[in-house]
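Here is the structure we will look at.
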Protein chains: 2
Amino acid sequence: MTNLKQLAESLGLSITTVSRALDGYADVSAATRERVREAADKVGYRPNASARRLRRQRAELVAVTLPSDPGHIGPPHFLDMLSGCAEHLAAAGLNLVIAPVPRGESELDICRRFVDGRRVDAMLLVRTKRKDERVEFLQSRGIPFVTNGRTESLMPHPYIDGDGFAGFRAATLRFHAAGHRRIGHIAGPQEYYFAHDRCRGWRAAMEECGLATDLCAEGAPLEQGGYLAALELLRQPSRPTALVCATDEMAIGALRALREIDGGNQISIVGHDDLPMGAFTSPPLSTMRMTGEHLGASFASLLLRAIGGEPAEELQELHAIEFVDRDSHRRPLRAA
Amino acid sequence: MTNLKQLAESLGLSITTVSRALDGYADVSAATRERVREAADKVGYRPNASARRLRRQRAELVAVTLPSDPGHIGPPHFLDMLSGCAEHLAAAGLNLVIAPVPRGESELDICRRFVDGRRVDAMLLVRTKRKDERVEFLQSRGIPFVTNGRTESLMPHPYIDGDGFAGFRAATLRFHAAGHRRIGHIAGPQEYYFAHDRCRGWRAAMEECGLATDLCAEGAPLEQGGYLAALELLRQPSRPTALVCATDEMAIGALRALREIDGGNQISIVGHDDLPMGAFTSPPLSTMRMTGEHLGASFASLLLRAIGGEPAEELQELHAIEFVDRDSHRRPLRAA
DNA sequence: AAGATTCTCCAAAACGTTTTGGGAGTCAAG
DNA sequence: CTTGACTCCCAAAACGTTTTGGAGAATCTT
């Protein structure tokens with residue numbers, strides 16, 4: 001509605017003075033500052049965002065790329081995380097835009113469009129792959145970014161991740177300590193770092209215990225993928241007595257397979273993500289979760305610090321995984 | 001990196017000509033146009049978004065407000081819808097920003113900030129309330145917007161909604177036809193239009209059948225809310241034999257209550273939303289879903305048409321609800 | 001009383017684009 | 001040779017801010 005020029009004219013002041021009064025500079029008298037602020041409040045003046053962005057050479061925007069592959073975006077509560085992140089970014093004057101990748105375009109095209117069009121000050125990448133072309137591109141452009149999940153990139157970059165290796169190793173050892181010997185793993189797509197990391201954790205534990213690592217099936221990180229992978233493992237000549245699943249959604253799919261095959265109370269199972277839904281499955285799903293509160297806020301904080309120029313090495317958070325004890329991991333163990 | 005001025009200088013042309021060549025105007029010769037395009041491609045020129053926005057007086061942005069109340073954002077697949085919407089908006093040069101409402105601020109504050117700062121060309125509102133202050137504000141400002149869900153606003157506004165009334169009425173009548181007489185409703189918070197609409201549908205069917213409408217319990221639109229509401233209904237002297245639940249998440253919570261109370265195979269149940277998860281519950285959850293493919297694309301289309309100035313009356317989509325037949329609605333009916 | 005310092009304020013430039021309103025040429029018709 | 005139409009191009013204005021580099025007046029110092 002009103003712009004700086006109109007506001008200045010109505011006050012009999014220059015544009016400069018009004019602008020500086022509103023920004024709280026000391027070189028405008030307290031009296032004038034107050035007068036300007038009152039007038040601005042009264043007419044509901046808000047600086048034009050585009051003009052400010054142009055002048056300041058900042059986009060005041062952060063983009064998060066979303067894979068279009070259905071179900072590959074992330075767990076259902078992922079939006080809550082984004083929401084938390086956006087909220088904290090907003091407190092610093094930045095808005096979060098979501099940038100889905102249309103079919104036929106690569107994630108790289110999207111990054112390029114946002115970066116080269118100076119549409120964003122930073123980017124947030126989710127569901128990193130082990131070798132992630134987005135990371136390589138952003139590093140080459142020197143634009144700040146934070147990833148949700150590590151990569152195998154040689155150059156360090158800011159990230160937040162859970163220690164899936166340790167978590168899945170510990171869960172597997174827990175099953176071993178409970179007497180299980182045939183412990184299966186339902187794995188996510190191995191090109192994703194998180195899926196590979198969790199698989200490695202399971203495998204490491206199995207090898208430490210001197211057990212074979214052949215009870216492993218891979219599927220899409222969704223209920224259906226877990227269902228199919230579980231059926232595959234249950235068809236083996238010697239069935240697993242326990243299952244470690246890459247995600248809760250896969251575990252919930254596996255639960256259905258167990259119900260169909262053996263009534264559902266024979267095989268122990270554990271997932272990862274701590275979906276609220278897990279407390280309501282039958283049996284209630286034991287799971288794992290990344291420690292740390294307010295993940296979204298942490299992402300926002302890292303993004304702001306990355307924009308502020310802090311080196312990547314100081315912007316890496318690896319969170320421990322904690323076990324969530326419900327019931328599904330405690331099925332009675334039958335003699336083999 | 002490079003801007004129009006540098007590109008123009010390197011070509012020995014004016015800024016004007018380069019700009020118009022890239023935009024495909026007819027008043028620059030085909031030869032020059034081609035030469036300019038090649039040069040632009042070569043240096044990877046992209047117009048500065050902020051400058052264009054300032055000049056064009058368009059933000060090239062659409063914001064969607066997200067309630068901060070946890071779990072009140074929407075169903076888990078909500079992000080998929082947003083992603084689809086963002087994808088189609090992007091094809092028209094618009095980006096979608098998510099605007100969560102921080103604790104202590106009202107949804108109105110957020111709308112005001114975006115609208116008055118000219119940060120957006122349009123807004124997308126979700127989880128409408130029956131009387132929605134955001135709608136009233138945006139109508140008074142005359143800024144284009146589309147809501148996910150109707151409101152009781154007197155002035156028509158663009159929306160996409162499912163016909164919850166008809167869907168829940170039909171589901172209730174289906175139970176009645178199957179012989180049920182004590183049909184309960186697990187309702188969402190009645191200030192939300194969708195929750196009220198679905199409740200009305202249930203109530204209308206009950207009254208048509210001459211049945212009492214006292215078997216109704218309200219809860220938060222999440223598993224826990226459904227769980228508590230179901231417990232409440234099951235404590236009644238004469239229990240319901242069937243439950244119509246406002247959302248799948250509530251229904252999944254209710255399933256747990258049923259398991260705890262009576263082993264879980266006595267009472268029929270139906271939800272709404274068709275969560276993928278529903279195919280994997282025990283028993284598999286019968287549910288309802290809004291008809292129509294690519295909801296996100298529909299939202300994008302309505303937003304673009306609203307920005308284009310089409311009147312609100314032509315931008316209202318009420319979708320029929322279809323029944324999804326799994327198993328949970330078909331529990332054997334015991335004599336009362 | 002002169003010079004130095006401080007306090008307020010402001011004109012103008014800049015950010016990078018799009019758009020307006022022509023200005024040279026060329027060509028065909030009169 | 002003039003006129004008008006057409007083709008291709010461009011200088012300059014505008015979008016609304018922020019920031020630079022002072023200017024003038026008042027106050028303090030000596």
Side-chain angles (χ1 to χ4, degrees), chain A residues 1-37 39-40 43-61 93-95 113-121, chain B residues 1-37 39-40 43-61 93-95 113-121:
Chain A
M1 283 310 222
T2 54
N3 59 22
L4 216 41
K5 188 171 173 189
Q6 292 162 10
L7 188 58
E9 273 167 12
S10 81
L11 283 164
L13 289 169
S14 75
I15 291 179
T16 307
T17 301
V18 175
S19 172
R20 300 188 69 103
L22 292 174
D23 275 1
Y25 279 71
D27 72 350
V28 26
S29 74
T32 318
R33 193 160 50 220
E34 210 39 55
R35 195 161 64 95
V36 170
R37 287 209 170 133
V43 301
Y45 168 78
R46 310 260 177 157
N48 180 298
S50 299
R52 198 218 332 246
R53 288 168 179 167
L54 173 59
R55 170 63 224 217
R56 284 233 185 115
Q57 297 286 77
R58 303 230 205 86
E60 297 181 355
L61 248 36
L94 294 171
N95 287 123
R113 177 178 312 162
F114 276 92
V115 170
D116 291 346
R118 262 162 244 67
R119 306 173 100 86
V120 292
D121 299 318
Chain B
M1 285 306 225
T2 52
N3 58 23
L4 216 41
K5 188 172 171 188
Q6 292 162 9
L7 188 58
E9 273 167 12
S10 82
L11 284 163
L13 290 169
S14 75
I15 291 179
T16 307
T17 302
V18 175
S19 172
R20 302 188 69 105
L22 291 175
D23 275 1
Y25 279 72
D27 70 351
V28 27
S29 74
T32 318
R33 193 160 50 219
E34 209 39 54
R35 194 162 66 97
V36 170
R37 287 208 169 134
V43 301
Y45 168 77
R46 310 262 177 153
N48 180 299
S50 300
R52 197 214 336 240
R53 288 167 179 168
L54 173 59
R55 171 63 225 221
R56 284 230 186 120
Q57 298 286 77
R58 302 228 205 87
E60 297 181 354
L61 248 36
L94 294 171
N95 288 122
R113 177 178 312 160
F114 276 92
V115 170
D116 291 346
R118 264 162 245 67
R119 306 173 99 85
V120 293
D121 299 319

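This one's a predicted model, so the numbers in the text were calculated from it and none came from an experiment. So you know, we letter chains A, B, ... as the sequences are listed, proteins then strands, and number each from 1.
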Provide, to the nearest angstrom, the distance between the [atom1] atom belonging to [X] and the [atom2] atom belonging to [N].
X: B:R20; N: D:dC10; atom1: CZ; atom2: C1'; value: 11 Å
X: A:D116; N: C:dG16; atom1: CG; atom2: P; value: 15 Å
X: B:D23; N: C:dT18; atom1: CG; atom2: P; value: 5 Å
X: B:R119; N: D:dT17; atom1: CZ; atom2: C1'; value: 13 Å
X: B:L4; N: D:dA11; atom1: CG; atom2: C1'; value: 14 Å
X: A:L11; N: C:dT8; atom1: CG; atom2: C1'; value: 15 Å
X: A:R56; N: C:dG16; atom1: CZ; atom2: C1'; value: 18 Å
X: A:R58; N: C:dC15; atom1: CZ; atom2: C1'; value: 13 Å

Under 4.0 Å: is that the gap between some side-chain N or O of [X] and OP1 or OP2 of [N]?
X: A:Y25; N: C:dC10; value: no
X: B:T32; N: D:dC9; value: yes
X: B:T16; N: D:dC9; value: no
X: A:Q6; N: D:dG16; value: no
X: A:Q57; N: C:dA14; value: no
X: A:S29; N: C:dC7; value: no

| said: Heavy-atom nearest nucleotide on DNA chain D for B:T17 versus A:R52: which residue maps closer to 5'? | reply: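 Nearest-nucleotide comparison on DNA chain D picks B:T17.
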| said: Return whichever of A:R46 or B:S14 has its heavy-atom-nearest nucleotide of DNA chain D closer to the 5' end. | reply: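 Of the two residues, B:S14 wins.
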| Got a donor-acceptor pair under 3.5 Å from the side chain of A:R55 to the base of D:dT18? |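 Indeed, a donor on one side and an acceptor on the other fall under 3.5 Å apart.
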| query | Under the 3.5 Å rule, do the base of C:dC7 and the side chain of A:D27 count as making a donor-acceptor pair? | reply |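 No such pair is found, so the answer is no.
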| message | Using a 3.5 Å distance criterion without hydrogens, assess whether the side chain of B:N95 forms a donor-acceptor pair with backbone atoms of B:L61. | response |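 It does not hold such a pair.
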[atom1]-[atom2] distance between [X] and [Y], expressed to the nearest 0.5 angstrom:
X: B:R33; Y: B:D23; atom1: CZ; atom2: CG; result: 11.5 Å
X: A:L13; Y: A:I15; atom1: CG; atom2: CD1; result: 11.0 Å
X: B:E9; Y: B:N3; atom1: CD; atom2: CG; result: 8.5 Å
X: A:S50; Y: B:E60; atom1: OG; atom2: CD; result: 8.0 Å

| message | As a test of reading the structure: which of D:dC15, C:dT17, D:dT17 is closest to the side chain of A:A51, going by heavy atoms? | response |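 Side chain of A:A51 sits closest to D:dT17.
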| said: Looking only at the side chain of A:L54 (C-beta and beyond, no hydrogens), which of the listed nucleotides D:dG16, D:dT19, C:dT17 gets closest? | reply: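 Out of D:dG16, D:dT19, C:dT17, the nucleotide with an atom closest to A:L54's side chain is D:dG16.
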| request: Name the nucleic acid region contacted by B:L13, choosing base, sugar-phosphate or nothing; use a 4.0 angstrom heavy-atom cut-off, strictly under. | output: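 It contacts sugar-phosphate atoms only.
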| Across the strands shown, which category fits B:R53 at heavy-atom distances under 4.0 angstrom: base, sugar-phosphate, nothing? |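 Touches nothing.
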| task | Assess whether side-chain contact (heavy atoms from CB on, under 4.5 Å) is satisfied between B:Y45 and B:L22, documenting all intermediate values. | result | CA-CA 10 Å; B:Y45 168 77; B:L22 291 175; 3.6 Å; yes
